[in-house]
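See structure below.
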Amino acid sequence: MASQNSYKLRCSIPGHEMDVRGLATAAFPEGAFVSVSRDRTGRIWVPNSSPDRGFTEMHCMSGHSNFVSCVCFIAPNDTYPRGLIATGGNDNNICVFTLDNPQPLYTLKGHKNTVCTLSSGKFGTLLSGSWDTTAKVWLNEKCMMTLQGHSAAVWAVVILPEQGLMLSGSADKTIKLWKAGRCENTYTGHEDCVRGLAVLNNLEFFSCSNDGSIRRWLVTGECVHVYYEHTNYIYSMAVFPNSEDFVSTGEDRTLRIWRKGECAQTIRLPAQSVWCCCILPNGDIAVGASDGIIRVFTEAEDRIASAEDIQAFEDELSKTTIDPKTGDLGDIKVEELPGREHLDEPGNRDGQTRLIKDGDKVEAYQWSVSDGRWMKIGDVVGGSNQQTSKSVVYEGKEYDYVFTIDINEGGPSMKLPYNVTEDPWLTAHNFLQKNDLSPMFLDQVANFIIENTKGHVVGPAQQEGGDPFTGGNRYVPGSLGNNTGFGADPFTGAGRYIPGSDSIPNSSAPGGVADPFTGGGAYSSAALRPTTTNIYFPKTDGVTFEQANISLIMAKLKELNAGAPQEHKLSEELLESIDQLLVSVCASNSEPAPTLQQINLLWKATHWPEDIVFPVLDILRLAVRHPQVNKTLCGDAEGVQLCNHLLSLMRPEGRPANQMLALRTLCNCFSGRHGRALLMSQRETVLLQAADLASVCNKNIHIALATLVLNYAACFHSQPDLEAKAQCLSVASRALETVQDKEAVFRLLVALGTTVSSDQTARDLARSLGVNSQISKYSSVSDPSKVAECCQLVLKELM
């Protein structure tokens, strides 16, 4: 801020018919901002040159069928050089407008309840939060990700400026940090609903809460400061361009300006709920309140309202009635209050309140440092002792009212407890949720509360409809022999079976420009061909795990079978049948196809105890490549059973050998039509669980995970399924944070390249997730050179 003057009223804008719930600055026209209201409209306001220093309505936007609760501005791009406006409402929808058309350009549908918060990021990314407990990431009219993890309504979201980080604040009292669709951190400390979030810089952010506090956090998780001044719920915050000072508004009827960590000024408004605020480019502050009026405050002398307008504002404020039950003024004992002479003594800080008794009346005053005087902020009605004596006890707690609600005629009645300090819309919402009732009753119940508590309405008379929102032989999993290669025998000899040894390229293989997945030696270096050639992606066919030593697998199976529990033990005849199946699926086409009896026997054997099942899984991994096995095990209901069984073996606390072989089996399922169809239908669940295995410290698991992501990327490359591509990007990005093995990194890079190739929306999403900065370190890897070359090509795609 350029100066340290006190803020004073610039103008009042009475454009809306009901509560103003959201405000956002616009890039065009200069100095403009947008407001949204419970009157179901959004309005664009442009500064005018009239003597009243006010704003003119540019146009009124409509499109929601219910209250509009939030708004944000989407930055300009080549297609929309003036930017876009996004609004969220109680109709569960998000409407997106251009600045020159009052009707929506398009509508985003997907949330199952009220959309109550929005934030925009780079490349047109939009983040929304809803009463349905989720946040959603949108790009180019599509939902790219759904962020699930909160247990209550998501009331605040914000996109951090770097690294694709996103924050969400919830009624479950927590804040969550998201990266690439995954919750990376959960911040606890607030004692009530988190209502607002504001970015301070790349590493810090603010949160505000119904607990009356503002917290300053490091992205790493530490709360470095807690600010207390508000006496009731805090609804919104905004940070000044100096990334230090900020403003906040709340249910205590105030706008508070914070400088250098201290509350430097308190401005009270003649409305109970000050819902929202935004800071205009010139440093002025706009606030929206429950009386439907937008007020703009300025510290610039040449923009301050006329003396007449300021006096009118103060007169309106002085006529406000204050209910002590709100707690804003503390406990009031009328008989102990001083008289008017108490106002002769100056206050000691801006915003200090003082109560005096004037006959039978109690008046509230606030000290203004800039004016050096006490300013009346309202008349106090009732007294705290009188109110408490009328309380009703329900379920062990005291309430001002306990209503009996009959929703269904002839059905059981329900009790609805209510305190006059509570928001009737939040109370109604919680009542409906608790009793599993339809949200369609929200207006009916809330208006019932308002109608039956009219004697206790706080502040000036409000319009009907308050806030709807507040509210034997050793198995060595993953071991590698020095001479073991991807294209070589994966078993080290001496009778020791080591599943997972067949993952590393054989460096002694012949050179040549071949498929980079068949081994390091089969891949020529950059010196042998032009660097502009992209042989890596897009990859459109699947990568499978082929290598095996049949005799060693069967030897291990027979050894473990000898000690297996009696109910699982296989007879010699059944072992021979499995041996025949294994030979059949690994041999040439001249061999007879596996029989249905053999396939069913293999499926039954995969349910052996987890400590001995790994050789069976290795046989299954090889078998699903065969068309007959693929069709039998991956088709229809059998396929879902197979998928669920493999996922159960992949749980994070499971055995690494089983995790790896289950992943490899899933990869090999892509070799058949039925397997591909199965995995496409189960994509969300499979990738979600597979992603958790990135945290397991095992390079063979990482290679199998990377291959699974790559196979999915290959399947979706030519399809317009943006949600599937978004999940591929998310899982690949998350895996790259922990995976170290270069072969796994390479396959993840190919998956990224395949996903973004020829798809502008996928490229934009990858950029918004911070993929560029995440993978750039691989562009200089020298061994193997394919990692750096593939990385450079992906970065080129993302330019």
Side-chain angles (χ1 to χ4, degrees), residues 24-25 27 70-75 77 83 86 88 116-130 134-139 143-150 154-170 174-190 194-209 214-225 236-248 278-279 726 729-730 733-734 736-737 764-776 798:
T25 57
C70 56
V71 61
C72 79
F73 183 75
I74 301 174
N77 57 31
C116 51
T117 176
L118 292 167
S119 176
S120 62
K122 296 180 178 179
F123 314 108
T125 308
L126 183 67
L127 178 62
S128 61
S130 168
T134 72
K136 289 181 180 290
V137 182
W138 308 82
L139 187 63
C143 178
M144 308 301 290
M145 295 181 188
T146 298
L147 310 182
Q148 296 177 305
H150 285 293
V154 177
W155 278 333
V157 295
V158 71
I159 299 177
L160 291 168
E162 298 295 337
Q163 302 302 319
L165 297 176
M166 300 175 180
L167 291 167
S168 60
S170 170
T174 70
I175 302 163
K176 291 185 181 291
L177 175 71
W178 307 86
K179 184 169 185 179
R182 177 190 176 96
C183 179
E184 298 288 332
N185 205 345
T186 298
Y187 310 83
T188 58
H190 280 299
V194 178
R195 295 303 304 269
L197 295 167
V199 176
L200 190 58
N201 53 52
N202 287 351
L203 302 176
E204 295 179 282
F205 66 92
F206 287 119
S207 63
C208 63
S209 166
I214 296 168
R215 288 177 176 260
R216 182 172 180 167
W217 305 85
L218 297 179
V219 173
T220 51
E222 298 84 359
C223 177
V224 295
H225 199 84
S236 72
M237 299 181 67
V239 178
F240 283 101
N242 66 4
S243 296
E244 178 182 2
D245 301 328
F246 59 96
V247 299
S248 58
C278 73
I279 296 172
L729 287 173
S730 172
S733 176
R734 285 162 50 190
L736 283 167
E737 293 180 0
D764 289 343
L765 180 62
R767 287 197 291 260
S768 71
L769 293 174
V771 169
N772 310 55
S773 58
Q774 184 183 31
I775 69 173
S776 59
L798 297 177

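For this chain, numbers begin at 1 and follow the sequence in order.
Using a 30° and 60° split on the angle between ring planes, Phe246 and Phe206 fall in the tilted class, from 30° to 60°.
One distance of note links CG of Leu218 with SG of Cys223; it measures 9.0 Å at 0.5 Å rounding.
Between Lys179 and Glu737, at least one side-chain N (NZ, or NE/NH1/NH2) sits under 4.0 Å from a carboxylate O, which counts as a salt bridge.
In this structure a side-chain-to-backbone donor-acceptor pair under 3.5 Å is present from Thr117 to Val157. Of the possible donor and acceptor atoms, none in the side chain of Arg195 sits under 3.5 Å from a partner among the backbone N and O of Ala156. Between the side chain of Asn242 and the backbone N or O of Asp245 there is at least one donor-acceptor pair closer than 3.5 Å. The backbone N or O of Lys176 sits nowhere less than 3.5 Å from a side-chain atom of Asn185 that would complete a donor-acceptor pair. Panel note: side chain Ser209, backbone His190; no donor-acceptor pair is recorded below 3.5 Å.
In the model, His150 has a side-chain atom that pairs as donor or acceptor with a side-chain atom of Ser168 under 3.5 Å. At a cut-off of 3.5 Å, with distance as the only test, no side-chain donor of Thr125 or Trp138 sits close to an acceptor on the other residue. A side-chain donor from one of Glu222 and Thr220 sits under 3.5 Å from a side-chain acceptor of the other.
Applying the ring pair (Phe, Tyr, Trp, His ring centres under 6.0 Å) rule to Phe123 yields no partners; only residues at least two apart in sequence or on another chain are considered.
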